[in-house]
Amino acid sequence: MEALKQELKEKIIAALNLEHISVEEFDDNETLFGDGIGLDSIDALELIVLLDKDYGIKLTDPKEGKTIFQSVETMANYISANRTK
Amino acid sequence: MNKRVAITGMGIISSIGNSVEENFQSLINGKTGISTIENLETIHKEVIMVGEIKLTNQQLAKQLNLSEDNNFSRTTLLGAIAVREALENANVKDINDCRSGFISATSVGGMDLNEKYFYEYYNDESLHKYINSHDAGDSSHQIADYIGLKGMVTTVSTACSSAANAIMLGCRLIQSGQLDRVIVGGTDALAKFTINGFKTLMILSDTYNTPFDNDRKGLNLGEAAAFLVLESDEIVQKNNKKVLAYVSGFGNANDAFHQTASSENGEGAFLAMQKAFKLADLKPEDINYINAHGTATPNNDLSEGRAILRIFNNKVPDFSSTKAFTGHTLAAAAAIEAVYSVLALQHNLVFPNMNFKKPMEEFNLIPQTILKEKNINHVLSNSFGFGGNCSTVIFSKSE
Amino acid sequence: MKKSFINGVGCISVQKTVDAAFLAEVELTTKESVVFAKQPSYVEVISPSFIRRMAKGVKMGIFTSTQALKEANLAMPDAIITGTGLGCLEDSEKFLKAILDNNEQFLTPTSFIQSTHNTVAGQIALGLQCKGYNFTYVNGAVSLETALLDAKLQIETEEAHSVLVGGIDETAQHNIDVQRMAGNIKKQEDLPCSILEPTTKGMILGEGASFFVLEEQQKESSYATLDAISIQNSLELNEVEQYVKTFLNNNKISLNDIDLVVLGNNGDVEFDVYFNQVSHFFNQTPQAYFKHLSGEFYTASGFGLWMALNILKEQTVPACVKMNSIEREMYQTVLLYNQYRGKDHSLTLLKKC
């Protein structure tokens with residue numbers, strides 16, 4: 001799980017060009033949207049593609065992302081339970 | 001500046017018809033243009049529906065009597081067909097007999113060529129003739145050359161409100177006395193670029209789009225071109241021109257909320273409609289029909305609905321979105337809906353908002369779902385685009 | 001009728017045009033066939049959470065518009081109008097390549113959104129929270145001129161008291177490749193070349209952004225008034241002189257009233273003949289050129305306008321842009337003429353205020 005979280009942080013930073021954030025200061029439980037990291041709905045769409053491409057998880061409704069993308073912790077939990085690759 | 005501007009001609013090609021008359025027949029007979037894709041290669045063929053014009057580029061080029069070695073993109077071909085009809089309709093024999101301008105609108109321009117030959121250009125020199133047709137402005141140059149117009153030519157690109165903005169600039173150039181005649185409108189062909197772009201935003205429906213319905217699943221993309229001929233009062237009087245309708249007001253505002261989505265309360269849309277009323281010197285109760293933007297995305301219809309309720313103070317006149325007929329034709333949308341607005345004025349008809357079943361849970365707004373005959377003096381047409389771009393145009397009867 | 005004062009400018013170009021004295025140090029662009037804009041440090045102007053998704057064009061646009069607003073001491077314009085020939089090309093190409101390379105799968109929205117032509121105007125509005133009129137024109141070499149014409153109209157008719165106007169174009173690899181194939185860009189073997197005495201076809205491709213604040217009110221920062229603009233789709237070579245004469249007549253000025261003519265020569269032997277017509281017509285008038293400094297692109301005329309405004313303010317024509325040795329004691333009225341490949345002709349008239 002720790003490895004997955006580490007990997008996710010790297011992928012999120014790369015996919016969303018979060019050059020101002022380092023993996024070290026990226027907390028597992030930090031809120032990704034709104035006040036925390038400050039992601040928005042466009043980022044949510046990017047993350048949906050990331051789930052599909054790297055873990056074989058297809059979301060059809062962007063609203064599903066709301067609970068999954070709360071934090072790196074929730075994302076990692078969802079991925080390990082649902083990944084197909 | 002509050003002088004209304006005369007519309008003396010119009011032309012259109014869309015998935016519901018290749019002329020104004022064909023479009024009118026489809027509108028009154030409830031005949032949709034939404035179908036599966038035939039002319040374009042895409043892996044999404046089976047999962048999306050579109051408003052596609054069932055003519056190939058070769059067939060379109062033939063209608064225009066273009067030579068075999070032409071380098072027109074599909075966007076240009078569609079535009080030229082609509083412009084030609086508009087000029088015939090306005091009975092313009094010599095385009096340069098007064099200060100004439102051409103203001104087009106497009107979002108993709110020659111993207112169909114660019115995406116088709118992107119890599120082939122490197123290996124096949126015979127394709128190089130298409131290279132200069134990529135950019136948006138070139139489609140306007142080609143259409144202007146096709147009709148022999150030498151004067152002012154320009155192009156608007158503000159995503160899905162583009163053609164409304166072309167109409168606005170045209171009116172302002174006539175009102176300020178800079179031009180005597182201007183052909184305004186928009187043209188956009190279907191392209192893999194836009195299909196995939198809207199797919200990434202997850203706002204494409206996998207079935208027929210259902211504007212203002214509670215269970216709406218998103219939009220169908222479409223392709224179309226439509227143009228209006230606007231002429232100054234002096235030219236209308238001098239040539240004893242028949243006026244089809246007038247543009248009596250317009251407004252553009254920015255939602256300044258999000259790069260692609262509309263704000264919850266539709267602030268930009270509200271401001272655009274407010275400006276249009278002010279310029280037209282009309283009140284909301286003067287409007288007999290609203291041709292809504294109504295793309296059938298969850299976001300647009302909610303935002304637009306709230307803006308309409310607010311500006312009309314909850315007393316909303318008959319309204320419908322014609323996107324269930326044509327799909328969302330992007331930069332051409334406001335132009336084809338301008339043609340439909342003029343048809344509504346000419347025939348005293350409210351065109352139906354097809355595929356509507358269940359009112360949205362957020363408010364009590366029910367569009368006109370069947371063709372309705374009634375006296376129509378003023379039509380308000382909305383068009384909104386990415387970048388928070390919100391536009392409204394008001395069309396009024398010619399008497 | 002209200003006048004349009006140009007009260008603030010901002011320019012990013014191949015030259016040092018940010019935080020530098022006006023054309024104090026220039027580098028000719030005539031050695032390479034493609035030249036790139038000097039990118040300033042954006043971090044002071046754009047926050048990192050916003051900059052991460054921005055295309056080069058958006059960054060250049062936000063930076064130069066911020067400069068222009070600051071100089072004009074204007075917090076919020078009534079309208080924002082931009083011109084761009086090709087929009088944010090890099091992102092357009094990125095998205096298109098992704099479509100083709102991945103067979104339409106696993107695509108993400110960011111580059112698609114940035115590829116929309118009006119993204120610069122939209123993002124400036126978003127940043128400023130400006131809810132006013134917001135337009136973008138995309139018509140080759142008159143993209144910026146249409147934006148200026150619209151802005152002037154907005155002020156004349158009192159629809160707006162202040163308008164932020166700008167032109168933005170960026171280079172991108174696929175476009176460079178195909179423009180070479182089409183013969184639009186000069187061949188490497190033809191370089192270095194003379195812009196004023198061209199012997200070969202094609203241009204040197206550049207990029208950049210320039211923004212201007214137009215206001216009905218004269219300020220201490222005012223450079224000039226924008227007195228007139230004309231746009232013409234096409235002209236035969238022998239119609240150019242009449243086009244200029246009609247423009248002068250319509251604006252009730254004579255040939256001698258023009259103190260400086262700024263021409264858009266780009267060193268293309270095939271089409272610079274248009275500029276020769278105007279140059280010949282104004283053979284008793286000081287003349288200047290600029291594309292040897294900016295490179296050619298659809299909104300390169302923004303660099304020309306920026307230069308003309310600075311000349312009016314400083315009352316001197318830098319030696320590096322002079323086309324002839326004629327001088328005037330005072331530079332009051334400037335006429336700019338531009339066209340690209342015989343299309344999109346424009347005339348812009350500025351007056352010192």
Side-chain angles (χ1 to χ4, degrees), chain A residues 7-27 30-66 68-72 75 78-79 82-85, chain C residues 39-63 87-129 170 172:
Chain A
E7 176 187 293
L8 261 180
K9 287 176 192 172
E10 284 166 12
K11 285 186 175 178
I12 291 171
I13 288 171
L16 307 180
N17 286 326
L18 299 168
E19 283 163 10
H20 57 298
I21 295 168
S22 69
V23 176
E24 291 71 39
E25 59 188 12
F26 203 147
D27 191 275
E30 189 159 5
T31 321
L32 292 177
F33 289 80
D35 289 342
I37 303 282
L39 303 187
D40 63 15
S41 61
I42 298 170
D43 297 307
L45 295 169
E46 296 272 345
L47 293 179
I48 288 172
V49 179
L50 193 149
L51 286 192
D52 185 8
K53 195 173 171 185
D54 295 353
Y55 304 103
I57 301 171
K58 280 194 194 301
L59 301 185
T60 47
D61 184 353
K63 280 187 218 128
E64 289 174 71
K66 269 201 172 140
I68 302 166
F69 302 142
Q70 270 173 9
S71 64
V72 169
M75 269 184 88
Y78 186 84
I79 289 169
N82 296 285
R83 65 191 296 171
T84 62
K85 65 178 177 191
Chain C
Q39 298 297 306
S41 165
Y42 290 110
V43 287
E44 292 84 19
V45 179
I46 313 170
S47 85
S49 57
F50 285 111
I51 208 165
R52 65 195 172 94
R53 278 200 292 249
M54 285 179 181
K56 181 155 69 170
V58 178
K59 285 189 275 194
M60 293 195 294
I62 291 189
F63 189 95
C88 293
L89 259 186
E90 263 185 56
D91 274 293
S92 309
E93 290 185 6
K94 196 170 144 196
F95 191 67
L96 192 47
K97 266 180 81 116
I99 292 174
L100 300 172
D101 296 350
N102 305 317
N103 193 27
E104 302 184 69
Q105 285 167 304
F106 308 125
L107 301 167
T108 58
T110 302
S111 51
F112 174 66
I113 294 167
Q114 303 265 326
S115 76
T116 321
H117 287 102
N118 64 327
T119 195
V120 177
Q123 291 194 54
I124 293 173
L126 196 55
L128 293 173
Q129 282 297 297
E170 63 178 31

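Here is how names work: the chains are called A, B, and so on, in the same order as the sequence lines, proteins then strands, and each is numbered from 1. The structure displayed is predicted, hence computed values, not measured ones.
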Exercise. Near Tyr42(C) OH, under 6.0 Å, is it more than 12 heavy atoms from other residues, nucleotides or ligands?
Worked result: yes
Problem set entry | Heavy atoms of other groups near Asp101(C) CG, more than 12 under 6.0 Å | yes
Problem set entry | Residue pair His20(A) / Pro48(C): nearest heavy atoms and the distance that separates them |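 Shortest heavy-atom contact: CG-CB, 3.8 Å.
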Exercise. Is it the backbone or the side chain of Ile113(C) that comes under 4.5 Å from a heavy atom of chain A, or both, or neither?
Worked result: side chain
For this session: With chain C as the partner chain, list the residues of residues 7-16 of chain A whose heavy atoms fall under 4.5 Å from it, by residue number, and write 'none' if nothing qualifies.
Result: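 If one takes a 4.5 Å heavy-atom cut-off, the residues of residues 7-16 of chain A near chain C are Leu16(A).
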Problem set entry | residues 38-50 of chain A: residues contacting chain C (heavy atom under 4.5 Å, by number) | Gly38(A), Leu39(A), Asp40(A), Ile42(A), Asp43(A), Leu45(A), Glu46(A), Val49(A)
Problem set entry | Nearest-0.5 Å distance, CG of residue Asn102(C) to NZ of residue Lys53(A) |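 Rounded to the nearest 0.5 Å, the CG-NZ separation comes out at 6.0 Å.
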